[in-house]
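Worksheet for the structure shown next.
Throughout, a chain's letter reflects where its sequence line sits, starting with A, and its residues are numbered from 1. Note that the structure is a prediction, hence the values are computed from the model and not measured.
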Amino acid sequence: MDEKQVVDYTKYRLKPESEIIKMLKEVSQLQVLLCEKCYKKFEEDFEPECLELREIISRSGTTLLKCTSIPFLCNNYLTGNILERIRNDNCTVGVVSCGIGIQYVAGVIKGGKKVLALADTVSQSGNATSISGYHGIALGEEKCAACGQCWLEITGGICPVINCAKSLLNGPCGGADKNGMCEVNPEKKCAWIEIFERLEKSKRKISGSIKTINHDIFGPYEREKISLLSRERRKEGFYGGVHPEERKEDTAGLAIAVFPAPEKVCLFLSQHAGLPAKPLVRAGDFVKAGQKIAESSGFISAPVHSSVSGKVLSVTEQVHPVTGQLSPAVIIENDGRDERDFSVEPLAGWESLEPLKLLDYIREKGIVGMGGAMFPSAVKLFPPRPVDTLLINGCECEPCLNGDNRLMVEHPVEIIKGAEVAKKLLCAGKILFCIEENKKEAVEALRSSMQISTDMNVVELKTKYPQGAEKMLIKRVLERSVPDGKLPFDVGAVVLNVGTAYAICRAVCEGMPLFERIVTVSGDVVTRRGNFLMKIGTPFSHIAGKCLASGADIGKHDIKMGGPMMGILQKNTDSAVIKGTTGILFLEKSPVEVSESRDCIKCGRCVDVCPMELYPHYYAYYGKKGLWGKCVEYGVNKCIECGCCQYICSSKIDLVGYIKKAKRYADNQA
Amino acid sequence: MLITKLKKRQELLNMIERKTVFVFKCFGCSEVFFPEEDIDGFIRENSAVIAGVARIDYLCNEEFTKSYLNSFDRGIKESERIVVFSCGVGVQVVAKLLENKRVLPGCDTHYLKGFQGITSQDADCEQCGSCYLNMTGGICPLTACAKGLLNGPCGGANEKGKCEVNPEIDCGWILIYNRLKDMKEEKIMAGTDVKIRDYSLITGEKTEKK
């Protein structure tokens with residue numbers, strides 16, 4: 001890329017040595033907070049200014065207790081905790097940052113402790129008093145003076161205000177010289193001449209009238225309000241998150257339809273968190289729908305059941321949709337008769353069954369978390385610690401997907417029944433159905449099917465991605481934070497997806513093992529969108545054949561399993577639907593491919609949106625250098641791979657890719 | 001930081017003149033506060049004349065915007081007006097890339113405090129080049145002053161400690177005094193450390209790196 005554009009946007013510099021030494025005269029112990037700055041390219045790990053400062057401090061005779069560098073110091077939500085600790089230390093605090101950071105630290109550490117400003121801020125931004133306009137991530141030359149009255153429609157897209165040496169709209173000016181240069185700065189072309197030239201080129205004329213700038217059209221209180229609003233919005237419910245385009249309207253109104261069964265199904269033996277299941281069938285065997293074809297191989301594991309009746313063609317290896325690597329699978333030819341296995345029949349008297357037996361029954365039916373993580377439900381429903389609340393997760397915060405939504409609209413009674421079974425097993429006090437407010441129909445359906453009481457209720461949540469993640473949901477609904485390395489039951493909560501609740505109900509009431517699920521098929525290039533009841537093991541090529549226009553070239557599109565945010569790109573169309581498949585999306589390839597990504601400019605947007613309160617830009621920085629250990633230091637294991645950082649990245653960096661690699665490295669180390 | 005505010009409906013409609021319109025919506029940047037709901041409302045109301053909507057993050061990134069434009073080729077070709085909902089930077093980038101089209105700004109851009117860093121803050125920085133926060137208990141007198149002045153000329157605060165110009169804001173120096181009093185450091189104010197502001201510090205030559 002053009003090197004000229006990667007400017008080091010340092011916005012502050014150390015104060016002169018004499019001033020710092022004078023300042024430190026009466027200070028015996030000093031602790032320094034350094035902001036790692038924003039809007040600049042990464043430099044060496046250690047900023048030269050820090051070294052310089054260390055030298056100055058050692059010359060001054062003051063003891064430097066600690067030098068902490070904090071990325072994006074002014075992010076008060078993340079910095080607050082660090083400052084809380086420092087507040088109790090007995091020392092003076094020196095801050096190297098822009099004026100905002102210093103004021104923020106001084107505001108937090110007030111009461112007795114002195115905060116020293118060790119740096120001067122120099123003008124770089126489009127501040128009213130500064131000379132150069134610089135906004136957003138614009139590294140180019142376009143600037144905006146934020147005058148509040150945009151004239152660009154009249155001026156052919158060239159701003160006369162920011163390009164004027166005096167920042168004036170239209171005078172008082174002594175006029176440009178013969179070459180069209182500014183009277184004040186002879187190296188700069190007069191903006192109005194540039195405007196005239198651009199308009200003339202496309203045979204246009206300056207139309208409309210330009211009035212004098214009104215400097216008083218937007219009051220400071222309105223600004224204040226908006227300023228606070230934007231911060232509040234970021235902290236709403238849980239920190240960070242994004243609001244991607246929902247695009248749910250494509251399939252929201254489409255009732256669940258039975259998807260035509262494929263000729264062959266491919267059932268992976270690893271369709272759950274934990275150890276893969278052990279196959280019970282061999283090539284040539286005849287199986288019926290619902291027959292167990294693989295046995296769970298440990299506590300955290302789950303059995304697999306056939307989704308069709310027919311002949312087992314082979315027990316082979318196929319590309320797994322999640323890992324992208326070859327993984328054992330059973331291929332079964334569908335005879336089309338859909339004969340049910342004898343085991344598929346209602347469990348008589350389940351209401352009075354012992355909890356442990358009921359749990360075993362659910363385990364036997366192969367039920368796993370259907371939101372995507374595929375954690376065996378029987379394990380989740382047997383927590384080692386008492387649980388007070390069961391959250392039924394109907395957020396479905398991923399764009400495009402509607403499977404959970406339709407399930408709640410069409411089968412509220414079954415979901416409630418399933419939730420009640422789970423509640424009984426957990427001995428939980430109450431059930432809360434958590435639904436995002438963009439699914440009004442689902443909220444209504446559930447509300448009208450239940451007896452609302454203190455034990456059971458529907459919670460409507462303001463839409464925000466990734467609200468459906470367990471930790472975020474618990475934080476939002478119960479205001480409890482799940483500590484690092486802990487699980488939801490540690491804070492007395494269990495989260496189940498609505499799909500899982502439905503599957504539990506069907507297992508108990510109908511004896512149905514988990515061999516079919518609701519899958520949303522959607523995307524730009526799909527001609528037959530919908531929410532389908534699909535056999536597990538349906539190959540993606542079969543779905544493409546039924547849902548894309550005939551003659552469509554799959555190779556030209558991206559196939560994603562899951563939603564657009566967390567969905568996993570599929571390279572192999574022989575891969576198939578598994579228990580955690582929430583949707584299959586056929587999308588246009590992105591115009592800006594990952595390979596075109598730029599270097600990180602530390603805009604900080606990823607830090608701003610990371611719901612786990614991490615610093616994702618470091619994963620790209622260290623990942624690029626292959627320093628995976630550093631990524632682990634920055635908590636890559638806490639990442640939930642929600643994709644917010646990648647979605648918002650101004651340089652289009654494949655952050656999730658780096659994160660996955662770093663996690664794999666961490667796993668190998670462990 | 002910036003705020004973008006939707007232009008007045010009538011003003012926008014006058015600019016569009018019932019011609020076919022292609023819309024660019026910028027999002028993502030944390031420097032700008034976008035009026036997303038207002039924009040969506042406007043698009044819904046005028047969907048009859050809108051040939052297409054492109055929702056692109058960081059319009060100001062010219063290189064990326066250029067690659068996106070290709071995928072909206074047809075919509076752009078059909079339209080006689082391009083309306084860009086973004087800060088002034090985005091409008092200028094699109095205008096540069098589509099020189100032959102009439103590119104209209106859908107928003108007015110306003111200055112918002114908290115210009116750098118990653119979020120809008122209560123604190124603002126004037127970038128004066130000579131930080132006074134040491135003497136002022138960490139409260140900036142410049143940004144707290146209605147006139148943006150360090151220490152006058154000022155008619156004085158009123159009895160409630162409010163600014164003479166804007167009676168709704170607190171006088172910065174009174175806030176400073178109160179904070180210093182809490183810290184038992186009021187004597188700082190009796191000193192002469194606060195000097196007259198040197199405006200030459202914010203001119204081009206001196207902001208170059210040392």
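Put simply, CZ on B/F64 and OG on A/S650 are 8.0 Å apart, with the number rounded to the nearest 0.5 Å. The line from CD of B/Q92 to CG of A/L152 is 5.0 Å long, rounded to the nearest 0.5 Å. We find the OH-CG distance between B/Y132 and A/D120 to be 9.0 Å, quoted to the nearest 0.5 Å. For the atom pair CG (B/L133) and CG (A/L118), the distance works out to 11.0 Å, reported to the nearest 0.5 Å.
Interface with chain A: from residues 6-18 of chain B, residues B/K7, B/M15 qualify, criterion being any non-hydrogen pair under 4.5 Å.
Both the backbone and the side chain of B/N100 come within contact range of chain A, with heavy atoms under 4.5 Å apart. Only the side chain of B/S71 has a heavy atom closer than 4.5 Å to any heavy atom of chain A. Interface remark: A/E588 contributes no atoms to any contact with chain B (heavy atom separation under 4.5 Å).
The two residues B/C131 and A/A119 come nearest to each other via the heavy atoms CB-O, 3.3 Å. Contact between B/R55 and A/E245 at its shortest, heavy atoms only, is CD-CD, 3.3 Å. The heavy-atom pair separating A/G157 from B/A95 by the smallest distance is CA-CB, 3.4 Å.
Per-residue heavy-atom pair counts under 4.5 Å with chain A were compared for B/R81, B/E36, B/K101, and the maximum is reached by B/K101. Between chain A and the options B/S67, B/G138, B/P105, B/C140, heavy-atom pairs under 4.5 Å are most frequent for B/P105.
Checking side-chain atoms of B/Y58 against main-chain N and O of A/C649 turns up no donor-acceptor pair under 3.5 Å.
Under 4.0 Å is where a charged nitrogen must lie from a carboxylate oxygen, and between B/D57 and A/K652 at least one such pair does.
In this structure, A/R198 and B/K96 have side chains that are in contact, with non-hydrogen atoms separated by less than 4.5 Å.
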